[in-house]
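Have a look at the structure below, then the notes.
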Amino acid sequence: MPKAEASTAASTGACELSGACRCTLSERRALQLGLALVVLASVPIALVGLPLFGDGAYYFFKIALDGAPVLPNLRLGAILPQLPALAATRLTDDVGLLRHLFSFTYVGLPVASLLVCWLLVRGRRPELILLPLLFLVANQINFSAVSELLLGLYLVWPFVLLAALEPNRRLTLTYGAVLAPLLLLLHPLGFVLAGFLSLVARLSAGSRRAIDRTWTRAWNGLAAAFAVSALLRVISTLIGATGYERSLAEPDAAARYILPDTLSQSLLLAVVAVSGILVALSLVPRWWRGRAVVERRLLWPAFLLLPVVGVAVALDFLLGEGIKLKAGLILPVALLMMGLAVGIAGRPSALADVPGIRRLGRLVLVAALSVALIGTAKSAAWWTATHALMNAVASTEMSCLAFGPEEPYALQWPWMAIIDDWATPMNALVFRPPWAIPLLLPGEGCRRLEETGQAHLASWIRRPAAQLEARFGPLRSVGTP
């Protein structure tokens, strides 16, 4: 058993034997409870269908109606999380069941990434779990479940830990060989991830663990593969960027994409970054005298700030503030956490002189509580909004309902901002009561529906109303007026 884990287990056992901790959680129990809390907090998020926020609504709509995947802006890697729902369309026509499968798949991605990270670090450096967990806390400011950038981060985390702790395993090299071309097929900013992993691979090639020349050559080859992936991603973006991608290069659009929308979200990212740095400083060798001060006096208070700031973020969401697909600033925060993880992993000769963190389980539990607080608030806000949408659609006697900046009126309250966007007409079909409803269509959609029988759910989404009725249920515009 590694020394860090052994010391934690020894202190836990002594505490339990002496009976001094009867009223408190042991570190092991606290850690287990924290990881379980992250898993449990993801369940209501999936059940209420939060992954259908924004772009996710179109992804599901396309899968459920056409049985076809969405490849946004030619990002071919985006098809991977869509495969379970796509396969299920061959087996069932139940839209509700498909929605749950779609939601659980996307919600499960970050959770699965965290649990895989725990399996990788628990035997060697269990303290490293704090860094992907801190990233997960920061990620709560984002509402997009279908982001290719976030998917890339979920996939990269396990490789970073494998490269740092297990550079001489074939699994590590195989995973890296798969990841290098995959990053080319995801988000345009994947070149940043690929470039970072090229540096990680180069460090692994020079690590004392990789003293065999065969392993060194393999790691150098992997570093080159990541570098090529980064270069090709940059070239493909410069040559083939879509209009949407080019629009984000405008200063105002770039600022909106990168920065969080509220002070509480910015503060949460800052606390996460500081907490990650303090974790790293708490795990430097014993010869640095400031290490004990950082661990005993700074680390625990910093982590306690996470749920405090998390409450403020949660309140913003419940009041309709700061709701956006994602903030691009999550990328440098993630890279900071990954870089710290690589640095903390250290070399085998130094591990014996690196202490563990005494309150590891409690730190995990506090961070997990932050994830649960914000995730629950997002779920509650989405559930409230989708039910208000159902009521707004069901309460009218019209055969078609106009959707615009001030229509329907029931969606204009601040806490309805989470549902009041371009994807609302599709969500009105997915989150619907079981009786006949009118279509909710933007702009001149109702007039076009009457003239052509086509439902223009968005400027680029047009379907026959009869096809929508056959898939999602009875519509007044097709059946009973």
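Since this is a predicted model, take the numbers as computed values, not measurements. Reckoned from all heavy atoms, side chains included, excluding hydrogens, waters and symmetry mates.
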**Asked** Taking the inter-plane angle between the rings of W382 and F53 on a 0 to 90° scale, is it parallel (under 30°), tilted (30 to 60°) or perpendicular (over 60°)?
**Response** perpendicular
**Asked** Between R233 and L189, is there a donor-acceptor pair closer than 3.5 Å when you use the side chain of the first and the backbone of the second?
**Response** no
**Item:** Parallel, tilted or perpendicular: rings of W413 and W415 (30°, 60°)
**Value:** parallel
Which side-chain N or O atoms in residues 78-88 pair as donor and acceptor under 3.5 Å with protein atoms at least two apart or in another chain?
from, atom 1, to, atom 2, distance (Å)
Q82, OE1, V70, N, 2.8
Q82, NE2, V70, O, 2.8
Q82, NE2, A78, O, 3.0

**Message:** Just verifying a value: how many Å separate I141 CD1 and N139 CG, rounded to the nearest 0.5 Å?
**Reply:** 8.0 Å
**Message:** Set out, in order, the CA-CA distance, both residues' side-chain angles and the distance that settles side chain to side chain contact (heavy atoms under 4.5 Å, CB included) for T262 and Q265, then state yes or no.
**Reply:** CA-CA 5 Å; T262 66; Q265 293 177 0; 3.1 Å; yes
**Message:** Quick check with a 6.0 Å cut-off and a 45 degree axis cone: is K324 positioned over the face of F143's six-membered ring?
**Reply:** no
**Request:** Give the minimum heavy-atom separation between L268 and L306, together with the two atoms involved.
**Result:** CD1-O, 4.2 Å
**Request:** Classify the angle between the aromatic ring planes of F61 and F472 as parallel (below 30°), tilted (30 to 60°) or perpendicular (above 60°).
**Result:** parallel
**Asked** How about N427 and Y58: does a side-chain donor come under 3.5 Å of a side-chain acceptor?
**Response** no
**Request:** Report the distance from atom CG of L193 to atom CG of L155, rounding to the nearest 0.5 Å.
**Result:** 10.0 Å
**Item:** Check against side chain to side chain contact (heavy atoms under 4.5 Å, CB included), L429 and E469
**Value:** CA-CA 9 Å; L429 286 169; E469 181 177 57; over 6 Å; no
**Message:** Salt bridge or not between E444 and R447? Use side-chain N to carboxylate O under 4.0 Å.
**Reply:** yes
**Request:** Run through I374, L373, V137 and flag the one making a side chain to side chain contact (heavy atoms under 4.5 Å, CB included) with V313.
**Result:** I374
**Message:** Between R463 and D66, does any NZ, NE, NH1 or NH2 come within less than 4.0 Å of an OD or OE carboxylate oxygen?
**Reply:** yes
**Prompt:** How close do A377 and A314 get, heavy atom to heavy atom, and via which atoms?
**Reply:** CB-CB, 3.4 Å
**Request:** Measure the OH-CZ distance between Y154 and F135 for me, rounded to the nearest 0.5 Å.
**Result:** 5.5 Å
**Prompt:** Between atom SG of C400 and atom CZ of R448, what is the distance when rounded to the nearest 0.5 Å?
**Reply:** 12.0 Å
